[in-house]
There are 2 protein chains.
Amino acid sequence: MTKTTPQKKTRSRDPERTKAQLTEAALSEFADHGFHGARVDRITRAVGCNPRLLYHYFGSKEKLYVAVIEHIFADIRAQERDLELARLEPLAAMRRLVEFTYDFFDGNPLFVKMARNENMLEGKFIVQTEAVRTSSQPLIDAISGIIARGLADGVFKHRYDALQIYISIVALSAYHLNNGHTLTAIFGVDLLSPEWRQERRAHTIAMVMNAVTGGDSSCKS
Amino acid sequence: MTKTTPQKKTRSRDPERTKAQLTEAALSEFADHGFHGARVDRITRAVGCNPRLLYHYFGSKEKLYVAVIEHIFADIRAQERDLELARLEPLAAMRRLVEFTYDFFDGNPLFVKMARNENMLEGKFIVQTEAVRTSSQPLIDAISGIIARGLADGVFKHRYDALQIYISIVALSAYHLNNGHTLTAIFGVDLLSPEWRQERRAHTIAMVMNAVTGGDSSCKS
DNA sequence: AAGTTAATTCATAAAATACTTACTTAGACT
DNA sequence: AGTCTAAGTAAGTATTTTATGAATTAACTT
């Protein structure tokens with residue numbers, strides 16, 4: 001009796017693959033439903049493995065969540081590293097920072113959602129994560145440098161705190177992603193559509209650049 | 001045996017009070033833990049009433065949640081109404097809008113949290129709420145008016161879309177409230193402290209005004 | 001004061017859900 | 001080939017959590 005349909009009764013043994021699949025499925029599940037809304041059952045069904053395996057590899061729902069958090073927060077730092085803002089002139093550097101930041105959030109919805117979850121849990125798990133606090137200072141220092149050079153050159157007209165302006169860039173880039181559904185309901189415009197987001201990108205860049213440079217030649221009216 | 005301590009064995013009968021207490025306790029519970037994290041048991045214990053009452057008055061956890069959503073979204077519109085932006089000159093009107101918006105979010109953490117929950121649920125319940133879509137247009141129209149007048153007067157140097165700039169104001173005002181815990185963990189600065197929020201307020205106002213007016217006399221460097 | 005309504009309580013069902021005990025078997029290693 | 005380890009399976013349990021049926025009691029009406 002040749003099994004033409006290999007009914008996946010038994011999984012081929014590959015712990016690395018299984019762990020990776022569980023992590024990925026858990027990421028989707030936690031991102032979509034939050035920690036409390038997530039169901040371990042749905043995760044294992046998505047992977048197609050036995051529920052017991054989740055506990056075999058991760059121990060508990062909570063530990064799986066921590067693994068997912070560490071996994072997704074590990075990525076962001078890597079991407080931030082090679083921005084090389086110091087090499088560019090202030091205007092170009094600032095513009096690049098805004099574009100990069102916008103595109104990062106726009107392109108990483110799972111990160112955005114996991115951050116939301118963590119904040120819902122009051123950062124309970126992220127504070128335990130080692131790799132997070134590392135290397136945020138270089139970015140802030142780079143921004144301080146841009147601002148200082150811009151002011152020295154005279155192209156920047158206002159002195160902003162580096163952290164404040166970075167938070168602003170992030171806020172302008174990501175707020176509509178966090179709150180798209182309520183805003184869409186309130187204003188009757190789909191803030192999550194590709195079209196609106198494209199306009200949002202341009203607006204974010206324009207607003208930050210205008211705020212930094214003050215009135216310059218780009219005056220449009 | 002005289003009961004000197006009326007052990008609140010029996011609740012005095014006051015359905016309005018009971019309903020109001022349940023709604024309020026539910027607001028706290030849902031805001032803090034989200035829909036799935038919220039426990040009906042905790043809500044009734046907070047009120048000190050019998051669990052059965054929650055179902056008697058609201059029918060289900062879900063219906064209670066809807067009641068809470070409608071309750072908290074009803075408030076915001078009322079506050080927005082008497083801004084009277086049209087009467088002020090463009091600069092003053094814009095500043096007032098930013099200040100009002102910032103202070104509203106800063107002063108209504110429960111609203112911020114409930115909005116987060118709703119977005120987590122993809123706006124599932126808010127779309128059913130009648131009162132939400134109403135009267136957001138007047139605000140956008142008012143902002144359009146401010147921008148048009150500002151450009152005509154020459155005090156505004158850039159033409160922004162009214163909805164885009166309003167979303168920006170909201171984003172700058174509220175992003176750190178939504179994501180305070182992760183940002184605090186990442187940057188090692190407590191973004192939720194009163195001190196930082198006070199600086200944030202000034203930064204938000206400065207940034208929006210600078211973005212709108214371009215470089216003007218308020219150049220500080 | 002009796003009678004009606006509905007607010008409140010008591011006890012418990014019913015469902016969902018995270019987690020376990022006990023077992024099987026594939027694959028690696030000698 | 002035989003054995004040992006751990007990946008995977010089957011089936012189940014314990015607990016939490018939402019929800020209900022029916023009795024009880026306070027307040028209001030006439």
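Just so it is clear, the values below take in all heavy atoms, side chains as well, and ignore hydrogens, waters and symmetry mates. Residue numbering restarts at 1 for every chain, and letters A, B, ... go by the order of the sequence lines.
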Kindly give the heavy-atom pair with the smallest separation between A/Q164 and A/D161, and that separation in Å.
-> N-OD2, 3.0 Å
For residues 47-57 of chain B, the side-chain hydrogen bond (donor to acceptor under 3.5 Å, both in side chains) pairs (sequence neighbours left out) are none
Round to a whole Å and report the spacing from CZ of A/R45 to C1' of D/dT9.
-> 17 Å
Whole Å only: how far is the CG atom of A/D14 from the P atom of C/dT25?
-> 20 Å
Rounded to whole angstrom units, what separation is found between the NE2 atom of A/H33 and the P atom of C/dT17?
-> 11 Å
Ring pair (Phe, Tyr, Trp, His ring centres under 6.0 Å) pairs, two or more places apart, involving residues 110-129 of chain B = B/Y65-B/F125, B/F73-B/F111, B/F104-B/F111
Using ring-ring contact (aromatic ring centres under 6.0 Å, His included) as the criterion, list what pairs up with A/H33, not counting sequence neighbours.
-> none
Residues A/R39 and A/T44: side-chain donor-acceptor under 3.5 angstrom = no
Got a sec, which residues hit salt bridge (charged side-chain N to carboxylate O under 4.0 Å, His left out) with A/K19, two or more places apart in sequence or on another chain?
-> A/E16
Protein-nucleotide distance (B/N50, atom CG; D/dA19, atom C1'), rounded to Å | 12 Å
Mind checking what makes side-chain contact (heavy atoms from CB on, under 4.5 Å) contact with B/V170, not counting sequence neighbours?
-> A/Y175, B/T101, B/F105, B/Y166
Those residues at least two apart in sequence (or on a different chain) that pass salt bridge (charged side-chain N to carboxylate O under 4.0 Å, His left out) with A/R96 are none
Rounded distance in Å - CZ (B/R42) to P (D/dA19) | 15 Å
Please report, rounded to the nearest Å, how far the P atom of D/dA19 is from the CD1 atom of B/I43.
-> 11 Å
Please list, chain by chain and in numerical order, all residues satisfying salt bridge (charged side-chain N to carboxylate O under 4.0 Å, His left out) with B/R42, sequence neighbours excluded.
-> B/E29
From CD of A/E16 across to P of C/dA28 the rounded distance in Å is 14 Å
Residue pairs fulfilling salt bridge (Lys or Arg N to Asp or Glu O under 4.0 Å) with at least one residue in residues 178-191 of chain A, sequence neighbours excluded | none
What are the atom names and distances for every N/O pair under 3.5 Å that joins the protein to nucleotides 13-15 of chain D?
none

Residues in contact with DNA chain D, drawn from residues 51-66 of chain B - heavy-atom cutoff 4.0 Å | B/R52, B/Y55, B/S60, B/K61
With A/K113 via salt bridge (charged side-chain N to carboxylate O under 4.0 Å, His left out) - residues at least two apart | A/D32
Quick one: what's the B/S/- string for nucleotides 25-30 of chain D, heavy-atom cutoff under 4.0 Å, read 5' to 3'?
-> BBS---
What integer distance in Å separates A/E29:CD from C/dT17:P?
-> 10 Å
